[in-house]
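Each ligand, and each atom within it, is numbered from 1 in the order the structure gives. Heads up: numbering here begins at 1 and tracks the sequence.
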Amino acid sequence: MGIVVQKYGGSSVADGEAIKRVARRIVEAKRDGNDVVVAVSAMGDSTDELLGLASQVSPLPPARELDMLLTAGERISMALVAMAISDLGFSARSFTGSQAGVITDSVHGKAKIIDVTPGRIQSAIDEGHIVIVAGFQGVSQDTKEITTLGRGGTDTTAVALAAALDADVCEIYTDVDGVFTADPRIVPTARKLDTVTYEEMLELAACGAKILHLRCVEYARRYDIPIHVRSSFSHLEGTIVRGSIDDQAHQESTMEAAIIAGVAHDRSEAKITVVGVPDKVGEAARIFTALADAQINLDMIVQNVSAAATNLTDISFTLPRSDGAVAMAALDALQDEVGFESLQYDETIGKVSLIGAGMRSHPGVTAKFFASIAEAGVNIGMISTSEIRISVVVSEIDVDAAVAATHTAFDLDADEVEAVVYGGTGR
Ligand code: ADP
Ligand code: ASP
Ligand code: MG
């Protein structure tokens with residue numbers, strides 16, 4: 001008997017009817033003769049609603065209590081899914097992340113899974129139950145506190161369970177038919193990818209394509225678990241995430257086929273500029289050490305050439321908007337020591353990224369990318385690249401236009417619209 005690990009996202013379990021539909025789908029896998037383990041997200045936008053409640057009672061809630069609150073969302077859906085399954089005449093057992101043996105580090109709000117000890121899940125499987133696990137949560141090895149894995153973290157729960165249970169594949173059920181060449185919510189002509197490599201999917205996820213949680217792709221690559229991203233609303237084959245850009249077969253196929261995997265966008269970042277930094281050894285190190293001490297992950301960094309007359313330079317970088325206030329406070333405290341002139345904070349930015357392994361062997365991709373953005377009348381603020389990615393920062397209001405222009409310039413548009421968004425609010 002095989003083991004099937006599935007994940008259902010918030011839009012797939014948004015209300016009672018949706019939960020009954022998902023329960024029928026889970027039971028189908030069991031009827032086919034498989035052992036079935038399912039990770040579920042909180043219903044619909046309920047995580048956002050819980051965050052809203054928290055902010056009503058406290059502008060900066062304690063991280064421990066916020067995790068206690070948010071994990072309740074997945075606890076509600078796991079129990080309801082289990083009930084709906086038993087109503088179909090099958091037995092199901094739900095487990096919190098902690099009960100399921102999802103062990104994490106102790107960083108509230110963005111904990112990393114460090115181990116999965118699936119003893120209780122295995123016993124439940126052996127007793128013939130369908131197992132439902134609350135996604136996005138675990139328990140800290142050190143502090144024994146309940147933790148959450150960061151927004152979208154149920155994807156990572158599912159892949160970690162698939163690895164621990166030695167499943168052949170992890171199925172991620174969502175509200176679109178797979179991974180597309182762009183977010184179908186802003187590019188209706190986006191095309192579904194049949195397969196995409198781990199490296200390209202990592203870049204897509206890191207650049208804002210929230211179809212998969214970044215950590216889930218990292219985990220899948222490390223344990224070599226293929227991910228099948230597909231819709232819970234249709235029976236179409238989805239996208240398989242597997243393989244490396246260094247595989248022979250992949251290299252041969254990119255010689256003539258897809259140079260570009262897709263275009264991603266991100267509206268969750270902000271830009272800070274440190275104005276008038278004295279151009280001498282060690283100043284940048286001081287600034288970035290202060291930010292690292294505040295646990296802030298930076299994305300792009302640009303330092304201008306210093307003005308000859310003043311010997312002062314500006315340093316700009318991007319970071320998650322959610323870390324903006326903490327970063328500004330950390331830098332403020334540094335102003336006298338470093339002697340910079342001022343700080344600027346800008347939340348009205350967006351990032352557009354072009355991703356594809358084929359750009360390694362095809363010259364001219366960067367030129368075409370910049371030309372397409374210019375033709376759309378969009379100004380580029382910052383640029384960064386990796387081996388298989390080019391990203392630009394633009395004004396937030398220009399993101400959609402830049403994505404659409406790039407998508408068309410690289411011939412990614414489908415002849416007939418195939419992208420269907422079945423549910424969700426895109427929040
Ligand atoms: P779930 O609730 O199932 O976890 P998410 O909202 O987290 O679903 O992720 C699915 C959404 O990801 C889609 O509805 C779509 O708007 C968005 N998305 C962004 N980029 C892409 C992409 N390249 N391909 C498919 N979907 C994408
Ligand atoms: N419910 C959590 C969120 O909304 C986790 C998830 O859905 O994966 O981010
Ligand atoms: Mg998600």
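The shortest N or O to N or O distance between Thr154 and ligand 2 is under 3.5 Å. At under 3.5 Å, a nitrogen or oxygen of Ser41, whether backbone or side chain, sits near a nitrogen or oxygen of ligand 2. Between Lys210 and ligand 1, an N or O atom pair is found at a separation short of 3.5 Å. At under 3.5 Å, a nitrogen or oxygen of Gly152, whether backbone or side chain, sits near a nitrogen or oxygen of ligand 2.
Inspection of the Glu49 and Ser46 side chains reveals no N or O donor paired with an N or O acceptor under 3.5 Å. There is no side-chain donor-acceptor pair under 3.5 Å between Asp175 and Ser12. A donor-acceptor pair shorter than 3.5 Å can be found between the side chains of Glu199 and Ser244. Donor-acceptor pairing under 3.5 Å is lacking for the side chains of Thr147 and His108. Checked by atom type, the side-chain pair Ser140/Asp142 shows no donor-acceptor distance below 3.5 Å. Counting only N and O atoms by type, the side chains of Thr174 and Arg230 include no donor and acceptor under 3.5 Å apart. Between Thr408 and Asp413, the side chains place a donor N or O and an acceptor N or O closer than 3.5 Å (distance only, hydrogens not considered). There is a side-chain donor-acceptor pair under 3.5 Å between Thr181 and His407.
Ligand 1 lies within reach of Pro184, whose nearest heavy atom is under 4.0 Å from it. Under a 4.0 Å heavy-atom criterion, Lys7 is in contact with ligand 1. In this structure, Ser11 has a heavy atom closer than 4.0 Å to ligand 1. The closest approach between any non-hydrogen atom of Gly262 and ligand 1 is not below 4.0 Å. Residue Gly73 places no heavy atom under 4.0 Å from ligand 2.
For atom 8 (O) of ligand 1, the closest non-hydrogen atom of the protein is Thr174 OG1, 3.2 Å. Protein heavy atom closest to atom 2 (O) of ligand 1, with residue, atom name and distance, is Gly10 N, 3.2 Å. The protein heavy-atom contact nearest to atom 15 (C) of ligand 1 is Asp183 OD1, 3.3 Å. Among all non-hydrogen protein atoms, the one lying nearest atom 9 (O) of ligand 2 is Arg151 NE, 2.7 Å.
Electrostatic pairing of Glu396 and Arg321 counts as a salt bridge here, judged by a charged N lying under 4.0 Å from a carboxylate O.
Only the side chain of Arg185 comes within 4.0 Å of ligand 1, counting heavy atoms alone; its backbone N, CA, C and O stay farther away. For Glu74, every heavy-atom contact with ligand 2 shorter than 4.0 Å involves the side chain, none the backbone. Contacts between Val176 and ligand 1, counted as non-hydrogen atom pairs separated by less than 4.0 Å, involve the side chain only.
Which parts of ligand 1 touch Gly178 is read off a 4.0 Å heavy-atom cut-off, strictly below it: atoms 24 (N), 25 (C). Counting the atoms of ligand 1 from 1 in the order shown, those under 4.0 Å from a heavy atom of Phe180 are 22 (C), 23 (N), 24 (N), 25 (C). Ligand-side atoms of ligand 1 in range of Asp175: 10 (C), 11 (C), 13 (C), 14 (O), range being under 4.0 angstrom from any heavy atom. Heavy-atom contacts of Val179 reach the following atoms of ligand 1: 24 (N) (cutoff under 4.0 Å).
Phe233 carries Arg21 over the face of its six-membered ring, with the cationic atom under 6.0 Å from the centre and within 45° of the normal. Taking the ring axis of Phe410 as reference, the NZ or CZ atom of Lys368 stays within 45° of it and closer than 6.0 Å to the ring centre.
Looking at Val81, Leu88, Ile26 one by one, the single match for side chain to side chain contact (heavy atoms under 4.5 Å, CB included) with Ile130 turns out to be Ile26.
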